*Asks:* 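Take a look at the following structure, please.
Note that the numbering runs from 1 along the sequence shown for the chain. Predicted model only: the values in this text are computed from it and were never measured. Numbering of ligands and ligand atoms starts at 1, following listing order.
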Amino acid sequence: MATILIIGGGIGGLAAALALQQQGETVRVFERAPAFGEVGAGLTVGPNMMHGLAWLGLAPAVLEVATIPDHGGVLDLATAGLLVENARGAAPQAKYGQPYVQVHRADLHGLLAAAVLRNDGDAVALDHCLTGVEQDAHGVVARFANGYTVRGDLLVGADGSRSAVREQLFPGQDPRFAGFVAWRGLVPMDSLPVLTLWPDSAILIAPGRSFARYRVSRGRLLNYAAFINSGDWTEESWSIPSGIDELLAHLPGSHPDVATIIRATPPGGCFKWGLFDRDPLPRWTVGRVTLLGDAAHPMLPFLGQGAAMAVEDAVVLARALAAQPGSPAALELYEATRRDRTAFVLEASRGAVRRFHGTGTGGYTRREHRDAEALGLFTYRPGSAPLGEPGLPAGTAVG
Ligand SMILES: Cc1cc2nc3c(=O)[nH]c(=O)nc-3n(C[C@H](O)[C@H](O)[C@H](O)COP(=O)(O)OP(=O)(O)OC[C@H]3O[C@@H](n4cnc5c(N)ncnc54)[C@H](O)[C@@H]3O)c2cc1C
């Protein structure tokens with residue numbers, strides 16, 4: 001069996017490690033952080049991602065830590081009036097064979113890490129920041145800032161949207177500021193006054209801004225994220241502490257519940273960051289090196305599908321390698337299966353925010369509502385989708 005080097009121990013890198021271990025591969029994950037610690041934020045896990053997690057054997061454990069929203073919807077930010085309702089609760093399970101759930105990122109990341117380490121206690125090396133990749137006809141060498149060097153058969157860059165592996169393959173293409181600044185926070189539900197959080201999973205929209213909120217951690221925490229159109233951003237981090245008043249100043253005319261939620265943020269618990277994205281790559285595999293998750297196709301968060309694409313990638317990569325063990329051709333097969341679907345979702349995520357922030361409250365109807373479900377993304381099953389076929393929703397032209 002091959003030894004596969006994975007750079008980055010985020011949700012994508014760990015999902016790939018687990019998927020590959022289950023196919024009998026030896027994996028080594030190199031993460032630059034000195035300790036694991038996902039940021040405090042929520043994550044929507046649609047049925048397509050749940051299918052991937054089920055293939056990894058994690059569905060029961062995810063359900064233990066998840067919240068299943070009863071209802072979903074798009075609301076008017078000023079009045080909290082319902083513009084479009086989404087069927088949640090038991091409906092997605094009945095329709096797609098897996099539920100639609102919401103989790104704390106750290107809970108999901110912890111489940112993935114524990115499963116990888118249960119399979120192989122030596123699978124993860126922390127405090128290893130990749131600086132160089134070289135390959136020859138027989139293998140690939142990764143070099144790290146701490147002086148360590150390792151050789152493997154194949155290498156997967158799962159090192160996020162500012163991927164060092166991607167920079168090695170395709171130098172000089174930085175992500176672009178997409179024109180949005182985001183804020184996030186987690187509020188203990190028992191610190192909130194009684195609010196009518198209906199629907200319990202919602203995005204409230206107005207021209208130029210939006211506010212999403214849903215419960216995570218089995219309903220104990222309310223996750224929120226606010227997005228504001230902005231002409232300028234220079235800072236790199238996605239965890240810059242923000243004052244609550246600064247955020248409220250960007251949400252004038254919002255329904256009073258929005259301020260009530262934001263004001264309940266624990267001290268030091270509100271963060272801001274600039275949203276960056278990149279155009280789809282025409283190719284992302286070079287010989288024995290490929291990319292996965294945000295390293296391959298970072299996307300705006302307005303469809304809630306970035307982590308879902310990373311988990312789908314992971315499952316397809318493992319299946320491709322099972323079909324063509326240890327071979328660089330397997331990486332080509334993986335990429336061919338994933339390229340059009342992820343490019344489609346990346347472009348559709350840009351379209352989603354144009355409609356959320358651009359239509360004005362009166363103009364947003366079911367016709368404009370092309371969310372992940374309406375686009376047909378929930379029907380995909382990464383564990384059984386045909387390899388080599390683009391995985392686009394029915395009726396979508398390959399472009
Ligand atoms: C506001 C917001 C909301 C979102 N909501 C959702 C949602 O609801 N549903 C959804 O599916 N997706 C969502 N996403 C997208 C999702 O978070 C990402 O797509 C997903 O986390 C990508 O995972 P990844 O493992 O590819 O990258 P990352 O999570 O960025 O992980 C990359 C890892 O690589 C490590 N690394 C970086 N450089 C190096 C290096 N040189 N050497 C070694 N290690 C390195 C990093 O430390 C990190 O651990 C959201 C994103 C945002 C910004």
*Asks:* Strictly by modelled atom types, are Arg184 and Ser239 linked by a side-chain donor-acceptor pair under 3.5 Å?
*Replies:* yes

*Asks:* Are Tyr380 and His51 an aromatic pair by the rule of ring centers under 6.0 Å?
*Replies:* no

*Asks:* What is the closest protein heavy atom to atom 48 (C) of ligand 1, and at what distance does it sit?
*Replies:* Glu31 OE1, 3.4 Å

*Asks:* For atom 44 (N) of ligand 1, what is the nearest protein heavy atom, given as residue, atom name and distance?
*Replies:* Arg32 N, 3.1 Å

*Asks:* My understanding is that we take every heavy atom of each candidate and find the minimum distance to atom 45 (C) of ligand 1. Doing that for Val29, Leu300, Asp159, which one comes out nearest?
*Replies:* Asp159

*Asks:* Heavy atom of Arg105 under 4.0 Å from ligand 1?
*Replies:* yes

*Asks:* Between the side chains of Thr265 and Tyr224, is a donor N or O closer than 3.5 angstrom to an acceptor N or O?
*Replies:* yes

*Asks:* Which residue supplies the protein heavy atom nearest to atom 4 (C) of ligand 1, what is that atom called, and how far is it?
*Replies:* Pro301 CB, 3.8 Å

*Asks:* Please say whether Gly304 places an N or O atom under 3.5 Å from an N or O atom belonging to ligand 1.
*Replies:* yes

*Asks:* For His128, counting its heavy atoms only, list the atoms of ligand 1 lying under 4.0 Å from any of them.
*Replies:* 42 (N), 43 (C)

*Asks:* Hey, which atoms in ligand 1 end up nearer than 4.0 Å to a heavy atom of Cys129?
*Replies:* 41 (N), 42 (N)

*Asks:* Is a side-chain donor-acceptor pair under 3.5 Å present for Asp200 with His71?
*Replies:* no

*Asks:* What do you reckon, are the aromatic ring centroids of Phe227 and Phe180 less than 6.0 Å apart?
*Replies:* no

*Asks:* Would Trp273 count as a contact residue for ligand 1, given that I'm defining contact as a non-hydrogen atom of the residue lying under 4.0 Å from a ligand atom?
*Replies:* yes

*Asks:* Compute whether any side-chain donor of one residue and acceptor of the other, for Asn48 and Glu312, lie under 3.5 angstrom apart.
*Replies:* yes

*Asks:* Within the 4.0 Å heavy-atom shell around Ala158, which atoms of ligand 1 are there?
*Replies:* 32 (C), 33 (C), 34 (O)

*Asks:* Suppose the criterion is ring-ring contact (aromatic ring centres under 6.0 Å, His included): which pairs have a residue in residues 21-45, not counting sequence neighbours?
*Replies:* Phe30-His128, Phe30-Phe144, Phe36-His109

*Asks:* Counting heavy atoms only, name the option from Gly306, Gly9, Ala295, Gly10 that's nearest to atom 15 (C) of ligand 1.
*Replies:* Gly306

*Asks:* Pick, from Ala16, Gly160, Gly157, the option with the minimum heavy-atom distance to atom 27 (O) of ligand 1.
*Replies:* Gly160

*Asks:* Looking just at side-chain N and O atoms, do Thr285 and Glu335 make a donor-acceptor pair shorter than 3.5 Å?
*Replies:* yes

*Asks:* Report, in ascending order of atom number, the atoms of ligand 1 lying under 4.0 Å from any heavy atom of Ile7.
*Replies:* 42 (N), 43 (C)

*Asks:* Any side-chain donor paired with an acceptor under 3.5 Å for Ser349 and Gln305?
*Replies:* no

*Asks:* Identify the protein heavy atom lying closest to atom 19 (O) of ligand 1, giving its residue, its atom name and the separation to 0.1 Å.
*Replies:* Asp294 OD1, 2.7 Å

*Asks:* Can you sort out which atoms of ligand 1 are near Ala164, meaning under 4.0 Å from one of its heavy atoms?
*Replies:* 41 (N)

*Asks:* Any heavy atom of Ala225 sitting closer than 4.0 Å to ligand 1?
*Replies:* no

*Asks:* Does the N or O separation between Ala308 and ligand 1 drop below 3.5 Å for any pair?
*Replies:* yes

*Asks:* Could I get the full list of ring-ring contact (aromatic ring centres under 6.0 Å, His included) partners for Trp55, not counting sequence neighbours?
*Replies:* none

*Asks:* Looking only at the side chains, is there a donor atom on one of Tyr96 and Glu373 sitting less than 3.5 Å from an acceptor on the other?
*Replies:* yes

*Asks:* Identify, by atom number and element, the atoms of ligand 1 in contact range of Gly293, meaning under 4.0 Å from any of its heavy atoms.
*Replies:* 26 (O)

*Asks:* Within a distance under 4.0 Å of any heavy atom of Ile11, pick out the atoms of ligand 1 and give their elements.
*Replies:* 25 (O)

*Asks:* Checking contacts here: is it the side chain or the backbone of Gln305 that comes within 4.0 Å of ligand 1, counting heavy atoms only? Could be both or neither.
*Replies:* backbone

*Asks:* With a 3.5 Å cut-off and no angle check, do the side chains of Asn86 and His369 form a donor-acceptor pair?
*Replies:* yes

*Asks:* In the protein, which heavy atom is nearest to atom 8 (O) of ligand 1, and how far is it?
*Replies:* Thr44 N, 2.8 Å

*Asks:* As a check for students: among Leu43, Leu130, Val165, identify the option with a heavy atom nearest to atom 42 (N) of ligand 1.
*Replies:* Leu130

*Asks:* What atoms of ligand 1 come closer than 4.0 angstrom to any heavy atom of Phe30?
*Replies:* 43 (C), 44 (N)

*Asks:* I need the nearest protein heavy-atom contact for atom 16 (C) of ligand 1: residue, atom name and distance, please.
*Replies:* Ala307 N, 3.5 Å

*Asks:* Can you tell me if CZ on Arg366 sees more than 12 non-hydrogen neighbours from other groups inside 6.0 Å?
*Replies:* yes

